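Take this structure, written in C-alpha cells, and hold onto it; I'll ask about it next.
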Amino acid sequence: MTTLFQLRPYDKQAFETLVHGGVLRPVAQALAARGVTSNEDLREDWKAMLPPSALEGTEKAALLLADLREKKGRVIIVADYDCDGATACAVAMKGLTLMGIAADYIVPDRFKLGYGLTPEIVDMCAERTPKPDLIITVDNGIASIEGVAHAKALGIDVLVTDHHLPADVLPEAACIVNPNVKTSTFPSKSLAGCGVMYYVLLALRAELRRRGVFTAETQPRLDALSDLVALGTVADVVRLDKNNRILVAQGLGRIRRGLAAPGISALFTVAGRDWQKASARDIAFAVAPRINAAGRLTEMGVGIECLLTDNPDHAQLCAEKLEELNKERRGLEDTMQNDASEYVAQLDWHSRATVTLFDESWHQGVVGLVASRVKEKIHRPVIAFACDGEEELKGSGRSIEGIHLRDALDRVSKIAPDVIVRFGGHAMAAGLTIRKENLRRFSALFEQAVSEMYDASVFNRVVLVDGALSPEEITFPLVEAISARIWGQGFERPLFANDFTVLSQRVLKETHLKILLELGDMRFDAIFFRRNTPLPAKVRLAYRPEINEFQGRRTVQLVVEAAEGA
C-alpha cells in the first residue's frame, strides 16, 4: 500500500473573493476547495436555513399532526438505537409536548427485534394503554413495508420520518418525510434523522399558527432543540453541507451559552470536555460515543432518558451510566482489536482485496468499530462478524474510498443467492447476516466480487491536502480561524502538506511518534498518532496545526495524519 498526496482542486475565483473578504489565505483555499464561493455561503444564522416547506411531506405531516392534536389523539415514537435515533426521538418528544400533543416512545432492542418498524414492534405499540392513534418512526421506517402494513391493519396510522436510502417500493404510510425519496427535490439530501424530525416540527408549528393556536409571540421556541439536532447530525457522520452546518453551528452556540439540555451538559462533564468551548469534534469523539455505547451494548433507553430529562441530577446519573457503558465498550473494543490485529498480522493482506474477520467471543455491537479501525490500518474493505444466536453471524463492514460496499455485497448475493440472509447499507458502511456455516464461502465470494469489480490501483491510499503552509503561516491566528468554522464529514478540516526535516523522534506509550520538525528556519513540535515506526530524516507529511496546552503553556503543535510514500 502506497500513500499518495493529492492537492484538492479549488475554485481560484472563489479563493480570491474569500481572501478579499478577509479570510486568511490557507483557510480561503480550503473553503474554495469545499464549494464555498463567498462569505454568503458561510452564513450560519437561522434565516439562511432551507425553509420547512421545501422538504416534501412536511406540510402533509403537519396537517396529520395538527388534526390529531384537535382530536386529542396519542402518538408513539419508534426510535432507532444509535445517537441520531436517540436525538431524533428526544427532538420529537420535546417538540410535540411543546405543541400540546401527547407522545410516548419505544426503543427497540437491536439484539432481539432488529432494525426498523417490524410487525413485532407494531404489536408492542398497539398493546400500550391507551392505544396510539399514530406511530412516528424517527431515523428509520423507510424500509418497513411489513411493519407499516401491520399497523394499518390494526387501525394505526404511520408517519415515517427517515433519511436512509429507500428501496424501489415504499411503505404505504399515511405520510413519508425523507429527503432521499426519488421524488424529493429538497437541496439538502444529507439531513440526519434528527434534522428530518426537526423540519416536521417547524412545519407543524407553522400549521398551528395558521389555525390560530399560536401567534408569532406565543409559539414555542424550537431553537431550544438545536443542541439535540447538532448532536445527532454530527454523530451520524452525514455530510456537513451548508444547511447542516447551520444546524450544527446553532446547536453548538446554544451549548456554549450554557443553554443545552441537562443531559448534554452532563455528558460534556463526564467526558472531561468544556461545554463553553464546545466543538463538533467534542460531539463526535466525546459525547456521541457515550450515547452510542448504550445502543451497542444494551438498548438505547438510558441514552434517550439522558437527553429527555430536565432534571440536572437525574441527567448526571444517566450520564454516569452511559460513561460506565462506554468504558465497557472500550474494554471490549480493545480486546477485540487486539484479536483482529493478531489475525491480520498473520494474513497476507497485501495480496488481498478484502479482509473478513470473525471470533466466537466478539460482541456484535462492537464489530463495526473493529472493522473501521482495521480498515484504516490496511486500507482494504473489512467485514467483522460476531455470533447472532446458534446458527447465524451478524457482520458490520467498512469500506475505502472508491469501493462501494453495498454494491459488492449485492454482487455476492447475485453470484450465490443462498449465502447472505439479508444485508443493507451504503458505499462506506454496511451490515449483513449470514449462516455460520457459510463464513468461509462468504469470505471467498466477497474477495472475488471486489477483485472483479475494482482495479488494484484503488488500494493506493490517496490523501487529499490543501496545499503547503509557509513557516510564518503556522500561527495561533491560523488555528483560531480554522477552529472558528464548522468542519466534519464532507467538509473536512483543512489538511496541509510540507517537506520537513526530522530533527528528533521518539515513541510514546509504544503507540505514537513524538517528533521535532524543521521547516525553513523554524521548528515545530508534532505528534503522529497510531504510528510507532520511525520516519526518514527528510519526509513529506500531511498535518493539521492545533493548539497544544500543557502546564499552562500554549503552543502550536502539528498533528500528523500521513507520511507520503509510507
Side-chain angles (χ1 to χ4, degrees), residues 1 3 82 110-111 237 285 289 292-293 295-297 325-389 392-401 403 405-406 408-409 412 419-420 423 425 428-451 458-459 461 507 509-513 528-533 561-562 566:
M1 177 179 65
T3 300
D82 66 0
R110 70 186 291 185
F111 305 113
V237 204
F285 297 111
N292 277 327
R296 290 187 185 282
L297 300 188
L325 285 170
N326 194 50
K327 286 178 182 175
E328 183 183 347
R329 187 272 304 168
R330 280 204 303 260
L332 279 169
E333 186 184 351
D334 287 346
T335 301
M336 290 164 61
Q337 196 61 55
N338 288 335
D339 293 342
S341 295
E342 287 179 15
Y343 177 78
V344 172
Q346 298 167 15
L347 190 68
D348 183 20
W349 59 266
H350 294 87
S351 63
R352 295 181 59 85
T354 66
V355 167
T356 300
L357 304 169
F358 166 67
D359 189 284
E360 290 274 358
S361 67
W362 285 358
H363 191 293
Q364 64 173 271
V366 186
V367 285
L369 299 175
V370 171
S372 180
R373 187 62 62 85
V374 174
K375 178 266 297 185
E376 288 173 12
K377 187 173 182 179
I378 68 174
H379 202 63
R380 299 287 190 278
V382 176
I383 295 179
F385 284 98
C387 290
D388 185 23
E392 290 187 340
L393 302 179
K394 187 163 284 188
S396 186
R398 299 293 185 271
S399 193
I400 61 175
E401 201 67 43
I403 294 181
L405 189 53
R406 190 196 175 282
L409 294 177
V412 171
V419 168
I420 301 179
F423 71 97
M428 302 302 284
L432 70 157
T433 299
I434 65 172
R435 293 187 64 79
K436 200 171 184 179
E437 67 215 36
N438 284 333
L439 178 63
R440 283 180 179 272
R441 195 171 165 216
F442 169 80
S443 179
L445 288 167
F446 182 46
E447 174 73 15
Q448 176 189 335
V450 174
S451 298
V458 76
F459 300 116
R461 186 179 177 213
V507 178
K509 300 178 182 178
E510 302 180 355
T511 308
H512 316 300
L513 273 184
F528 197 155
F529 291 112
R530 293 191 295 276
R531 178 177 173 126
N532 55 17
T533 54
E561 296 286 335

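The chain is numbered in sequence order, starting from 1. Computed from a predicted structure; not experimentally measured.
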Does the side chain of His363 come within less than 4.5 Å of Glu328's, by heavy atoms?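 Of all side-chain heavy-atom pairs linking His363 with Glu328, none is under 4.5 Å.
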
Given the ring of Phe459, does Arg380 sit roughly above its face, with NZ or CZ under 6.0 Å from the centre of the six-membered ring and within 45° of the axis?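 Judged by the rule (NZ or CZ under 6.0 Å from the ring centre, within 45° of its axis), Arg380 counts as positioned above Phe459.
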
Does Thr511 reach the main-chain N or O of Lys509 with its side chain, forming a donor-acceptor pair under 3.5 Å?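 A pair under 3.5 Å: yes.
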
Quick check for you: to the nearest 0.5 Å, what is the distance between Glu561 atom CD and Arg530 atom CZ?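 It comes to 8.5 Å.
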
Check Thr533 against Leu513 and note the closest heavy-atom contact, atom names and distance.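 Looks like O-CD1, 3.2 Å.
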
List in chain and number order the residues that pass side-chain contact (heavy atoms from CB on, under 4.5 Å) with Glu392, two or more places apart in sequence or in another chain; answer none if no residue qualifies.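 With neighbours one apart ignored, the set is Asp388, Val421, Arg422, Thr433.
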
Would you give me the side-chain donor-acceptor pairs under 3.5 Å for residues 330-338, sequence neighbours excluded?
from, atom 1, to, atom 2, distance (Å)
Glu333, OE1, Arg329, NH1, 2.4
Thr335, OG1, Gly331, O, 3.1
Asn338, ND2, Asp334, O, 3.3

Non-hydrogen atoms of Phe446 and Pro381 that approach each other most closely: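 Closest approach of Phe446 to Pro381: CZ-CB, 4.1 Å.
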
Leu409 CG to Leu445 CG distance, which is reported to the nearest 0.5 Å: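 Taking CG in Leu409 and CG in Leu445, the distance rounds to 11.0 Å.
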
Trp362 side chain reached by Leu357 side chain, heavy atoms, under 4.5 Å: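 The answer is yes, as the side chains (C-beta and beyond) meet within the 4.5 Å cut-off.
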
When rounded to the nearest 0.5 angstrom, what is the spacing between NZ in Lys375 and CG in Leu405?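 Between Lys375 NZ and Leu405 CG, I get 10.5 Å after rounding to 0.5 Å.
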
Work out which heavy atom in Gly397 is nearest to a heavy atom in Ile383; give both atom names and the distance.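 That would be CA-CG1, 3.8 Å.
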
What's the shortest heavy-atom distance between Thr3 and Ala562, and which atoms?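 It is CG2-CB, 4.3 Å.
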
Measure the spacing between CD1 of Ile434 and OG1 of Thr356 and express it to the nearest 0.5 Å.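 If we round to the nearest 0.5 Å, Ile434:CD1 and Thr356:OG1 are 8.0 Å apart.
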
With rounding to the nearest 0.5 angstrom, report the CD to SG distance, Gln364 to Cys387.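 SG of Cys387 is found 9.0 Å from CD of Gln364.
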
With a 3.5 Å distance limit and no angle check, can you tell me whether His512 reaches the backbone of Phe528 through a side-chain donor-acceptor pair?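 Side chain of His512 to backbone of Phe528: no pair is present.
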
Non-hydrogen atoms of Val367 and Ser396 that approach each other most closely: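 Nearest pair, atom of Val367 first, then Ser396: CG2-CB, 3.9 Å.
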
Any side-chain heavy atom of Glu401 within less than 4.5 Å of one from Arg461?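 Answer no - side chains too far apart.
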
How far apart are the C-alpha atoms of Ile420 and Asn438, what are their side-chain angles, what is the distance that settles it, and do they pass the side chain to side chain contact (heavy atoms under 4.5 Å, CB included) test? CA-CA 8 Å; Ile420 301 179; Asn438 284 333; over 6 Å; no

Decide yes or no for Glu447 and Thr354: does some side-chain heavy atom of the first lie under 4.5 Å from some side-chain heavy atom of the second?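 Yes; the side chains approach each other to less than 4.5 Å.
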
I'd like to check Arg441 versus Arg435 (side-chain heavy atoms, cut-off strictly below 4.5 Å). Are they in contact?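 Answer no - side chains too far apart.
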
Looking only at non-hydrogen atoms, find the nearest pair between His379 and Val458 and report the distance.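 Closest pair (atom of His379, atom of Val458, distance): NE2-O, 3.9 Å.
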
Is any side-chain heavy atom of Tyr343 closer than 4.5 Å to one of Asp359?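 When only atoms from C-beta onward are counted, Tyr343 and Asp359 do not touch, as no gap falls below 4.5 Å.
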
Could you grab the distance from atom CZ of Phe385 to atom CG of Leu439, nearest 0.5 Å is fine?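 Separation between the atoms: 6.5 Å.
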
Short question: side chain of Arg296, backbone of Gly365 - any donor-acceptor pair under 3.5 Å?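 Judged by distance alone, yes, a pair lies under 3.5 Å.
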
